[in-house]
Amino acid sequence: MISLVSPFKLRKLGILGMNARNIDYISRYNERKLYPLVDNKLQTKTLAQAHGLKSPELFGYVEYQAQIRGLKTILPSNEGFVLKPAQGSGGKGILIIQKQDDSGYYKASGERMGFHELKRHVSNILSGLYSLGG
């Protein structure tokens, strides 16, 4: 069953849509020259941590295709994790792995994927498939 809630009701509850968030808050209270700091999720995380803000643990990052070979050494071995493009747009490219075992990685949907598929996803991220400007 899908329950639809009107945007007016959501706003009354204090929930903002992306457009309202961007126009009413982000652009109103932040200088444009600072946008690159938050357009890159890795820079945002580093900045937040430098100012004592809590954020999920960073296991590592991959900048170049050649680094994909060492991906297994970066990933946690027995827990879930999230892969996300540093400069993704609209949540595209985010991969949530809830659990893993000897047979593979399990997405939030329950679908299993092998390590080869995980590496391909990282390669696609690095190729700019999900990024704002390619």
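By the neighbour-count criterion of 12 heavy atoms within 6.0 Å, atom CG of Asn78 is sparsely surrounded, having that number or fewer from other residues, nucleotides or ligands. For Tyr61, the OH atom is loosely surrounded, since the number of other residues' heavy atoms within 6.0 Å does not exceed 12. Shown here is Lys41, whose NZ atom has more than 12 heavy atoms of other residues, nucleotides or ligands within 6.0 Å. The environment of CZ in Phe115 is crowded: more than 12 heavy-atom neighbours from other residues, nucleotides or ligands sit within 6.0 Å.
By the criterion of side-chain heavy atoms lying less than 4.5 angstrom apart, applied directly or through intervening Ile, Leu, Val, Met, Phe, Trp or Tyr residues, Leu58 is not grouped with Leu83; the two fall into different hydrophobic clusters. Linking Ile, Leu, Val, Met, Phe, Trp and Tyr residues whenever their side-chain heavy atoms come within less than 4.5 Å leaves Val62 and Tyr130 in two separate clusters. Hydrophobic clustering (ILVMFWY, side-chain heavy atoms < 4.5 Å, transitive): Met113 and Ile74 are in one cluster.
A pairwise comparison of heavy atoms in Pro85 and Ile94 identifies CD-N, 4.1 Å as the closest pair. Nearest heavy-atom pair, Ser55 versus Lys45, reported as atom, atom and distance to 0.1 Å: OG-NZ, 3.3 Å. In terms of heavy atoms, Ile23 sits closest to Ser27 at O-OG, 2.9 Å. When all heavy atoms are compared, the tightest approach of Ile26 to Tyr35 is O-OH, 3.7 Å. Across all non-hydrogen atoms, the minimal contact from Asn40 to Leu42 is OD1-N, 2.9 Å.
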Tell me, with the steps shown, if Leu75 and Phe59 meet side chain to side chain contact (heavy atoms under 4.5 Å, CB included). CA-CA 6 Å; Leu75 298 176; Phe59 296 115; over 6 Å; no
Evaluate the criterion side chain to side chain contact (heavy atoms under 4.5 Å, CB included) for residue pair Ile96 and Lys107; output intermediate values, then yes/no. CA-CA 6 Å; Ile96 301 170; Lys107 300 194 296 189; over 6 Å; no
Just do the side chain to side chain contact (heavy atoms under 4.5 Å, CB included) check on Leu126 and Tyr64 with the steps written out, would you? CA-CA 7 Å; Leu126 293 175; Tyr64 307 105; 5.7 Å; no
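A side-chain donor-acceptor contact under 3.5 Å links Tyr106 and Ser103.
Using a 4.5 Å heavy-atom cutoff, the side chains of Gln65 and Ser127 are in contact. When side chains are defined from C-beta on, Val122 counts as touching Leu71, because their heavy atoms get closer than 4.5 Å.
Note that the OG1 atom of Thr44 and the CD atom of Gln49 stand 11.0 Å from one another [nearest 0.5 Å]. Expressed to the nearest 0.5 Å, how far OG of Ser123 lies from CD of Gln67 amounts to 12.5 Å. Once rounded to the nearest 0.5 Å, the distance linking NZ of Lys92 with NZ of Lys84 reads 14.5 Å. Rounded to the nearest 0.5 Å, atoms CZ (Arg120) and CD1 (Ile68) are 11.5 Å apart.
In summary, the aromatic rings of Tyr105 and His121 are positioned with their centroids too far apart to meet the 6.0 Å limit.
Although no hydrogens or angles enter the test, the distance criterion places a donor-acceptor pair under 3.5 Å between the side chain of Gln100 and the main chain of Pro76.
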